[in-house]
Amino acid sequence: MDGDSFWLAMALVLVIEGLFPFLSPGGWRRMFAQILQLSDGQIRFFGLCSILAGLMWLWWQTL
């Protein structure tokens, strides 16, 4: 992967991350209120699941 692909991927992440707060700011706020009530272990677990899903997706794309 060259540098241009990396920056394009990062730009796409920003677009995707911005969709939910733009389309539903109230829902976004409620979601974050619920996330704040989770324990550190629960948040780490969801972060780990996200990392593993992303790595599997990258691996699958390189086959």
Side-chain angles (χ1 to χ4, degrees):
M1 175 166 65
D2 60 1
D4 290 339
S5 296
F6 174 78
W7 290 114
L8 286 172
M10 295 308 293
L12 186 58
V13 166
L14 290 173
V15 169
I16 292 169
E17 287 286 330
L19 282 175
F20 193 55
F22 177 75
L23 295 174
S24 178
W28 184 80
R29 192 174 286 117
R30 283 188 302 276
M31 179 185 66
F32 269 91
Q34 290 176 345
I35 290 172
L36 288 172
Q37 295 181 9
L38 296 175
S39 70
D40 287 351
Q42 290 171 313
I43 294 172
R44 282 191 179 107
F45 175 75
F46 286 115
L48 177 62
C49 289
S50 178
I51 291 168
L52 292 175
L55 288 173
M56 287 181 1
W57 191 343
L58 285 171
W59 174 75
W60 182 67
Q61 291 298 316
T62 60
L63 291 179

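A quick note: this is a predicted structure, and the numbers were derived from the prediction, not measured.
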Starting from Trp57 and following side-chain heavy-atom contacts under 4.5 Å between hydrophobic residues (I, L, V, M, F, W, Y), which residues can be reached? Trp59, Trp60, Leu63

The criterion is side chain to side chain contact (heavy atoms under 4.5 Å, CB included); which residues satisfy it with Met56, sequence neighbours excluded? none

Would you say Glu17 has more than 12 foreign heavy atoms packed within less than 6.0 Å of its CD? no

Fellow cluster residues of Ile51, listed by chain then number, with links counted only when side-chain atoms sit under 4.5 Å apart: Leu55

Could you walk me through whether Leu12 and Leu8 pass side chain to side chain contact (heavy atoms under 4.5 Å, CB included), step by step? CA-CA 6 Å; Leu12 186 58; Leu8 286 172; over 6 Å; no

ring-ring contact (aromatic ring centres under 6.0 Å, His included) with Phe22: which residues, sequence neighbours excluded? none

CE-CG distance between Met31 and Leu36, expressed to the nearest 0.5 angstrom: 10.5 Å

Which residues pass the side-chain hydrogen bond (donor to acceptor under 3.5 Å, both in side chains) test with Ser39, sequence neighbours left out? Gln42

Which value, rounded to the nearest 0.5 Å, describes the distance between Ser24 atom OG and Arg30 atom CZ? 6.0 Å

To the nearest 0.5 angstrom, please state how far the CG atom of Leu48 sits from the CG atom of Leu52. 4.5 Å

Around atom CZ of Phe45, are there more than 12 heavy atoms from other residues, nucleotides or ligands closer than 6.0 Å? no

Quick one: list whatever passes side chain to side chain contact (heavy atoms under 4.5 Å, CB included) with Phe46, sequence neighbours left out. Leu38

